**Student:** 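The structure that follows is given in the form of structure tokens.
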Amino acid sequence: MLPIGASHDDVDSSKQGPSRMVSQLLQLLNPATKLPSTVSAVGHCDHPLDPLTAEEVNATSDACKAYGAKLGIQSLRFNAIALEEPTKADLLQYEASKMQIEAPQRLATAIMQLPTGDSIVEAVVDLQVEPPSVMSWDQTDGVQPMVTLDDCLEAEDICKADRGFAQLMRERYDITDLATLACDPWYYGGRYSKEAAELGHKEAGRYIQCFVYVRASPDDNFYAHPLDVVIVVELQSKKVVQWWHHKANPIIPTLNSNFHTKLVEQERGWRTGLKPLNVVQPEGPSFSVDGNMISWQKWSMRVSFNYREGLVLHTVGYEDGGRIRPIMHRGSMVEIIVPYGDPRSPFQHKCAFDVMDYGLGATANSLELGCDCLGHIKYFDGMVNNSRGEPMIIKKAVCMHEEDYGTLWKHTEYRTGHSEVRRSRRLVLSFISTIANYEYGFYWYFYQDGSIQYEVKLTGCLSTSVMSEGEGMDPTHGTLIGPLLNAQLHQHYFCVRLDMAVDDPDGGAALTVSEVNCEAEPLGPDNPHAIGFCSKETDLTHELAAIRNVNVESSRIWKIKNESVRNRLTGAPVAYKLMPAATPPMYAHPSSSHGRRGIFAAKHLWVTPHSEEERWPAGMFPLQGPGEYARGILEWTRQCQAQKTAFVYGVNLKDRVVAILQASAIYIGTHHHVCHSKTFLVLCLATKDRNLAEADCVIWHSFGVTHIPRIEDWPVMPAEHVGFFLKPFGFFDANPSLDIPVGRNMTSREHGVPIAACPSCGSKTHTSKNPHPMMHIKSTDHGGRQLTHQDCTVCGTNHSGTPHSRL
């Protein structure tokens, strides 16, 4: 990323500090368009959801600086600047008018850090007045915002500039060249008030914990060489405040394991025999783009991008019967928790909330044509900002393309030999974020049959550690991936916010969510052969009843249905079904720091009434101050996680108590231990319960994986895939992809079959100018006889002697 308006010659990292260092480090991957660095007016936007322009980012920061100066605040650090989206009601009204009424007010929001203490300012700027001005200025104490790329670079610089750190490296690890060190910054200090007090962090501050590694060479994979130390730095005072390490003398893993191109070529060499596989669309793509509005194969949607969620989808619909039928009003990834499972010091606080801590948009990559994205690509840029409030453009942040996805549907009538087959094509919208050691690829897939798939691809590097003291060659909380090198057990939980519409022009105001379970029927007169099973549907009418888990045994799905619109053939409400993947439980205890803040991952489905204020299931900020655990989905659903302790005798009674609570849908979790023949239960019980009927429901779906690392995940991890489907359920009157025309890919060829020259045009071989050779085709006539003929795919002439129409 490069500040808009700065040339490469303007950047001097020795004089300009970390923000300029960010520009210098990333300018080659993120080339920027030169625009004015200061403006008094903003650029033109075609739609209220269009992301901020560079001019608008500058105008927002200028207005905030001017307002702060009037208050005597001489220094503001801009954590984030983003579009303040119009309210759902205003947006629906504007869309319903076919954009004929006045657009909602164009606003921007800025999150700024004050020079000292745990205080932030949230300002809203009116971009439509001249000059743009601050509408609201709210200061909140006891809060710290997300960690920025500037913060990450500063944290490492603070470590290396600290004399005590240098002495520790020299005396404990015999490391004198601090340039060989890498310090991975994770948010830490003060997130949890109890733990912070225990560790002596009583003063306000912006604390970061750094995991330290050493490089064997400039391009070396430093995760192969972890140190047994965790460093805590305070960013505002720019000091190292604490560190922990093992008591025993350290042993640094020394075996190199690299993935850098230059080093792999030296150390392993390249495999051979891999030939080009090209994706070619000679007539161009099937999608069309108008600004940020996309149309493809009856689908339509609008995209936007912000620092926190990255890619956001709006007004997703499908054309059917001559009109666009709404399906989803808004959808995005809103939180990720990555709890690590090693309880021993110094790793007991190793846990990331990647959306809240770092922002998926702020950490998005500039994608590379032909590498990250294959085929005919449309890119969308992302606009973020640096700590000075300057616009930073991420070129090619979002990739859109279409791809073949195998068979969509097929059937062969064995009596006649007649076969019908259609290939599936899907539209792909994606972006990739790098958060320290991990890469996450986020993919929305749209299919021609009206289905939507969401997928996360997990790759990158394992966050490694040395073996804990006293461990042998079989780590208890990880996997040995090299001599003395441990990859700790951990989990990844993702939470998406789905504001569904399902044929409701009011944005889903009247939708109902239900749960469908399959169960075997009991043996009896109605099931004499013991093979019967049925599905049962239950409406989830209140919040507590809608806190649910995946159940593979009952083939559980959830339906989002519109009772006011009925399928014309069946009379059933039109619906979409949410098909979850098998998801493990979160193993961190509900009373733990991970479990309390990450309560959204304890259940796989939450349903809440729509609220403009309810956006972030783990809360808005990494450090939230007093009552921090009650600012996310736990508070919205009015759950009580206080110590409600019950004393029961015997495990059987405990199981009965839990079963009753589960059946009444007021049970979140439990912990028990046995002492003096008593079982102590810590229960999480509900206190309030909002009605979901006609409440404009929002769905929060949590899903994830448990990562038990393999040595094959090292030194860089093959992508792990996890996600879910949204599929039409009585939304259409039939398979909506029946109208896909018959087609044959004329560039495909059969291996080993010689290609004869066409007598008519002479075409014979594949070339860049002539990719259509003679095609050897086998088919079946009406009587079932096998016919073989050859059609020239260039001129279409049939040379088999059998009449055959051009394909």
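The shown structure was predicted, so the numbers you read here are calculated from the model rather than taken from an experiment.
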**Student:** To the closest 0.5 Å, what do you measure between OG1 (Thr60) and CD (Glu84)?
**Tutor:** 11.0 Å
**Student:** Looking at Glu403, I'd like to know if its CD atom is crowded, meaning that more than 12 non-hydrogen atoms belonging to other residues, nucleotides or ligands lie closer than 6.0 Å.
**Tutor:** yes
**Student:** Salt bridge or not between Arg106 and Glu55? Use side-chain N to carboxylate O under 4.0 Å.
**Tutor:** no
**Student:** Rounded to the nearest 0.5 Å, what separates atom CG in Leu726 from atom CH2 in Trp444?
**Tutor:** 7.0 Å
**Student:** Tell me, do Pro51 and Asn292 make a side-chain contact under 4.5 Å, heavy atoms counted?
**Tutor:** yes
**Student:** For the residue pair Val312 and Leu49, establish whether any side-chain heavy-atom pair is separated by less than 4.5 Å.
**Tutor:** no
**Student:** Where do Glu85 and Arg330 land on the side chain to side chain contact (heavy atoms under 4.5 Å, CB included) test, with the steps shown first?
**Tutor:** CA-CA 12 Å; Glu85 291 184 13; Arg330 192 182 191 278; 2.8 Å; yes
**Student:** Using the side-chain contact (heavy atoms from CB on, under 4.5 Å) criterion, which residues pair with Lys88? Sequence neighbours excluded.
**Tutor:** Leu92, His329, Asp499, His610, Glu612, Asp696
**Student:** Identify the two heavy atoms, one from Thr459 and one from Ala719, that lie closest to each other, and give their separation to 0.1 Å.
**Tutor:** CB-CA, 4.2 Å
**Student:** For the residue pair Asp381 and Ile394, establish whether any side-chain heavy-atom pair is separated by less than 4.5 Å.
**Tutor:** no
**Student:** Starting at CD of Glu335, measure out to CH2 of Trp616 and round the result to the nearest 0.5 Å.
**Tutor:** 9.0 Å
**Student:** With heavy-atom distances below 4.5 Å as the criterion, would you say the side chains of Glu614 and Val698 are in contact?
**Tutor:** no
**Student:** Between Ile208 and Glu154, is any pair of side-chain heavy atoms under 4.5 Å apart?
**Tutor:** no
**Student:** For Ile432 and Tyr443, what are the C-alpha separation, side-chain angles and deciding distance, and is it a side chain to side chain contact (heavy atoms under 4.5 Å, CB included)?
**Tutor:** CA-CA 9 Å; Ile432 299 173; Tyr443 295 78; 4.2 Å; yes
**Student:** Parallel, tilted or perpendicular: which describes the rings of Trp636 and Trp700, with under 30° parallel and over 60° perpendicular?
**Tutor:** tilted
**Student:** Do Cys495 and Trp606 pass the side chain to side chain contact (heavy atoms under 4.5 Å, CB included) test, and can you show the C-alpha distance, the side-chain angles, and the key distance before you say yes or no?
**Tutor:** CA-CA 10 Å; Cys495 184; Trp606 308 72; 5.9 Å; no
**Student:** About how many Å separate CG of Asp357 and CE of Met146, when rounded to the nearest 0.5 Å?
**Tutor:** 10.0 Å
**Student:** Could you walk me through whether Arg308 and Met356 satisfy the side chain to side chain contact (heavy atoms under 4.5 Å, CB included) test, starting with their C-alpha distance in whole Å, then the side-chain angles of each, then the deciding distance to 0.1 Å, before giving a yes or no?
**Tutor:** CA-CA 7 Å; Arg308 185 163 180 137; Met356 175 171 57; 3.8 Å; yes
**Student:** Applying side-chain contact (heavy atoms from CB on, under 4.5 Å), can you list everything that pairs with Pro609, at least two apart in sequence or on another chain?
**Tutor:** Glu543, Arg690, Leu692, Ala695
**Student:** Under 6.0 Å between ring centres: does that hold for Tyr440 and Phe494?
**Tutor:** yes
**Student:** Scan side-chain atoms only and decide if Arg426 and Tyr447 contain a donor-acceptor pair under the 3.5 Å cut-off.
**Tutor:** yes
**Student:** Taking atom types as modelled, find out whether Asp126 and Ser133 have a side-chain donor-acceptor pair closer than 3.5 angstrom.
**Tutor:** no
**Student:** So Tyr358 and Trp186, do their side chains get closer than 4.5 Å, heavy atoms only?
**Tutor:** yes
**Student:** Considering non-hydrogen atoms only, spot the tightest contact between Met383 and Ala54 and give its length.
**Tutor:** CE-N, 3.6 Å
**Student:** Indicate yes or no: does Arg497 engage Glu309 in a salt bridge with an N to O separation below 4.0 Å.
**Tutor:** no
**Student:** Looking at CG of Leu313 and CZ of Arg302, how far apart are the two atoms once the value is rounded to the nearest 0.5 Å?
**Tutor:** 12.0 Å
**Student:** Taking the side chain as everything from C-beta on, heavy atoms only, tell me whether Thr363 gets closer than 4.5 Å to Asp354.
**Tutor:** no
**Student:** Locate the shortest heavy-atom distance separating Ser61 from Gly389; write the atom from each residue and the value.
**Tutor:** OG-O, 3.0 Å
**Student:** Ring centroid separation for Trp137 and Tyr67, is it under 6.0 angstrom?
**Tutor:** yes
**Student:** Does the side chain of Asp504 come under 3.5 Å of the side chain of Asn562 through a donor N or O and an acceptor N or O?
**Tutor:** no
**Student:** To the nearest 0.5 Å, tell me how far Leu578 CG sits from Ile452 CD1.
**Tutor:** 11.0 Å
**Student:** If you look at every heavy atom in Tyr187 and Val147, which pair is closest and at what distance?
**Tutor:** CD1-CG2, 3.7 Å
**Student:** We want to know whether His701 and Tyr454 form a side-chain donor-acceptor pair, criterion being a heavy-atom distance below 3.5 angstrom.
**Tutor:** no
**Student:** Does the side chain of Asn365 pick up a donor-acceptor pair with the side chain of Thr434 at under 3.5 Å?
**Tutor:** yes
**Student:** Check whether any side-chain heavy atom of Leu429 sits under 4.5 Å from a side-chain heavy atom of Leu311, and report yes or no.
**Tutor:** yes
**Student:** With sequence neighbours excluded, tell me which residues meet side-chain hydrogen bond (donor to acceptor under 3.5 Å, both in side chains) with Glu613.
**Tutor:** Ser611
